[in-house]
Amino acid sequence: MEVRLRSQLFSFQNIKEDSAQLEFLTSLSRENWDCLWNFLGVQSNADVISAKAADTEQAGRKVVQGSGREGSLSLQDELLITLTRLRLGRLNKELAYLFGISDGTVSRIFNKWINFLYLRIDMIPIWPEWDDVAASMPSKRTCPDTFVIVDATELFCEILSSLSLQSQLYSKSSTKGTQR
């Protein structure tokens, strides 16, 4: 394991004490990282996979489940890869180089953790109570029909070779392929 850590440019063990680096890569302070980690309650790779399998079974789809075997990265490294990709938009190839793994492995890790985070974070209520919303609403005189203001996020995507897929990602306000 120690030899493996030296071959990686990045690992959670290498940066966990450098709060500026951790915050740059994930936008989380060490305290917030620990809070997220505890909330997720991940003890093994099987926890992440079994949460996805349980959701798939509830949706009535066929479950194809991996073995849940431990990989070459720690679970915290896998979460670091996922949060770094979300925060900085790093490409799989770049993350693969930094963590000493293949870009296919980065893709599988990212997809696995995105599904797991969706299932866990989906349980958190995102809308405040109606009284709180009503108290913070703009003046009814200025905006009488306003209930909530939603800010948009624009995610830049790699340019795809398929013209039909390119047209789905085209934005008039941006010259790049974006997902909103």
Side-chain angles (χ1 to χ4, degrees), residues 4-5 8-56 59 66 68 70-128 148-160 165-166 168-171 173-180:
R4 179 76 182 151
L5 283 178
Q8 292 175 212
L9 295 176
F10 279 177
S11 77
F12 181 72
Q13 291 300 319
N14 293 345
I15 67 162
K16 68 180 182 181
E17 300 306 325
D18 185 353
S19 59
Q21 182 76 345
L22 183 63
E23 195 159 339
F24 171 74
L25 292 171
T26 66
S27 77
L28 297 174
S29 66
R30 178 59 198 263
E31 181 182 342
N32 288 342
W33 173 280
D34 291 340
C35 184
L36 174 64
W37 187 255
N38 291 333
F39 170 75
L40 294 175
V42 178
Q43 301 299 319
S44 71
N45 197 30
D47 292 340
V48 180
I49 292 171
S50 65
K52 182 180 179 214
D55 181 59
T56 304
E70 297 299 319
S72 60
L73 296 176
S74 72
L75 293 169
Q76 290 186 324
D77 283 341
E78 291 184 3
L79 181 59
L80 180 62
I81 286 172
T82 304
L83 295 179
T84 300
R85 183 157 182 221
L86 288 172
R87 164 102 161 99
L88 301 175
R90 300 281 169 102
L91 299 176
N92 288 354
K93 193 169 192 101
E94 182 180 9
L95 290 168
Y97 174 75
L98 293 173
F99 284 88
I101 56 178
S102 73
D103 43 340
T105 301
V106 171
S107 180
R108 283 188 295 278
I109 288 170
F110 183 76
N111 289 336
K112 174 179 72 172
W113 276 89
I114 286 297
N115 288 326
F116 178 70
L117 290 170
Y118 169 76
L119 293 172
R120 292 292 289 144
I121 293 174
D122 188 48
M123 297 184 299
I124 300 171
I126 61 169
W127 295 106
V148 66
I149 298 171
V150 178
D151 189 16
T153 299
E154 190 171 58
L155 302 173
F156 294 102
C157 303
E158 293 182 39
I159 302 299
L160 304 170
L165 292 174
Q166 280 183 20
Q168 292 175 11
L169 297 175
Y170 179 75
S171 169
S173 62
S174 174
T175 58
K176 299 177 181 171
T178 59
Q179 182 69 41
R180 294 174 187 223

Min side-chain heavy-atom separation L80-I15 under 4.5 Å: yes
Residue pairs fulfilling salt bridge (charged side-chain N to carboxylate O under 4.0 Å, His left out) with at least one residue in residues 10-27, sequence neighbours excluded: E17-R30
Donor-acceptor contact present, side-chain N115 to main-chain N111, <3.5 Å: yes
Heavy-atom closest pair, residues S102 and A96: C-CB, 3.6 Å
Heavy-atom side-chain contact between L83 and L25 under 4.5 Å: no
Any K93 side-chain heavy atom under 4.5 Å of Y97 side chain: no
Approximate separation, where rounding is to 0.5 Å, of S27 OG and W33 CH2: 11.0 Å
Distance (rounded to the nearest 0.5 Å) between Q21 CD and N14 CG: 10.5 Å
Smallest separation among heavy atoms of F99 and D77, with atom names: CE2-O, 4.2 Å
Any side-chain heavy-atom pair of L22 and L28 under 4.5 Å: no
Distance (rounded to the nearest 0.5 Å) between N32 CG and S19 OG: 11.5 Å
Pairwise side-chain contact, W37 with V42, heavy-atom cut-off 4.5 Å (strictly under): yes
Gap separating the OG1 atom of T105 from the CD atom of E78, nearest 0.5 angstrom: 9.5 Å
L95 vs I101 side-chain heavy atoms within contact, under 4.5 Å: no
Non-hydrogen side-chain atoms of L86 and I114 separated by less than 4.5 Å: yes
CD-CG distance between Q76 and D34, expressed to the nearest 0.5 angstrom: 7.5 Å
Flag, side chain of R120 to backbone of F39, donor-acceptor distance under 3.5 Å: yes
For T82, side-chain hydrogen bond (donor to acceptor under 3.5 Å, both in side chains) partners two or more places apart: none
Interatomic distance, L79 atom CG to L36 atom CG [nearest 0.5 angstrom]: 5.5 Å
Between R87 and T84, a side-chain donor and acceptor under 3.5 Å: no
Side-chain heavy atoms of L40 within contact of W113, under 4.5 Å: yes
